Amino acid sequence: MFNTYEGMVRVMYKEGESENMAELLRALPGVTTVTNAGASAEMGAMTFKIKLISQKEGIEAFNAFKTNATSKYPNIIKIEIAEETIEDK
């Protein structure tokens, strides 16, 4: 059975490489929507509301998303998941 989860994620990236970040994240397996919730260019960070579909539990699904994103895209330095924001949709 598949579950849908929504949560907030902060993505830290290498300087000047944020233009297509939402599209890159949207291309990952299980990601259904990516909504930009803010950016801090001087910190090299963007915040997104991410909706995932997965057979895993919420936090496990977001950790898999994090692993996929950091291994596939070398311009992503770090991803922080706001675990308290993860909701079952």
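Since the structure is predicted, the reported quantities are computational estimates derived from the model, not experimental observations.
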State, to 0.1 Å, how close [X] and [Y] come at their nearest heavy-atom pair, and which atoms those are.
| X | Y | answer |
| --- | --- | --- |
| Leu28 | Ala69 | CD1-CB, 3.6 Å |
| Tyr5 | Gly58 | CZ-N, 3.3 Å |
| Tyr73 | Leu24 | OH-O, 2.8 Å |
| Glu83 | Ile59 | CG-CD1, 3.1 Å |
| Met12 | Ala45 | SD-CB, 4.1 Å |

Task: Side-chain (Thr85) to main-chain (Met8) donor-acceptor, under 3.5 angstrom - done: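 Confirmed, Thr85 side chain pairs with Met8 backbone.
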
TODO: Without swapping roles, check the side chain of Tyr13 against the backbone of Ile77 for a donor-acceptor pair under 3.5 Å.
DONE: no

TODO: Go through Asn63 and Ile81 one step at a time and tell me if the side chain to side chain contact (heavy atoms under 4.5 Å, CB included) criterion holds.
DONE: CA-CA 8 Å; Asn63 282 327; Ile81 300 164; 3.6 Å; yes

Task: Common cluster, Met21/Val34, ILVMFWY with side-chain heavy-atom separation under 4.5 Å - done: yes

TODO: Check whether any side-chain heavy atom of Lys78 lies under 4.5 Å from a side-chain heavy atom of Arg10, and answer yes or no.
DONE: no

Open item on the list: Would you say that Asn68 contacts Pro29 through its side chain, given a criterion of any heavy-atom pair below 4.5 Å between the two side chains?
Closed with: yes

- [ ] For Ile86 and Phe62, run side chain to side chain contact (heavy atoms under 4.5 Å, CB included): C-alpha distance rounded to whole Å, both residues' side-chain angles, the deciding distance at 0.1 Å, then the answer.
- [x] CA-CA 9 Å; Ile86 296 174; Phe62 273 90; 3.7 Å; yes

Open item on the list: Strictly by salt bridge (charged side-chain N to carboxylate O under 4.0 Å, His left out), give each pair with a member in residues 51-60 just once, sequence neighbours left out.
Closed with: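 Every salt bridge (charged side-chain N to carboxylate O under 4.0 Å, His left out) pair that includes a residue of residues 51-60, provided the two are not neighbours, is Glu6-Lys51.
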
Kindly compute the distance separating [atom1] ([X]) from [atom2] ([Y]), expressed to the nearest 0.5 Å.
| X | Y | atom1 | atom2 | value |
| --- | --- | --- | --- | --- |
| Ile50 | Thr35 | CD1 | OG1 | 8.0 Å |
| Leu25 | Met46 | CG | CE | 9.0 Å |
| Lys89 | Thr33 | NZ | OG1 | 10.0 Å |

- [ ] With sequence neighbours left out, write down each residue that passes side-chain contact (heavy atoms from CB on, under 4.5 Å) with Thr70, or none if nothing qualifies.
- [x]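 Expected list: Ile76, Ile79.
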
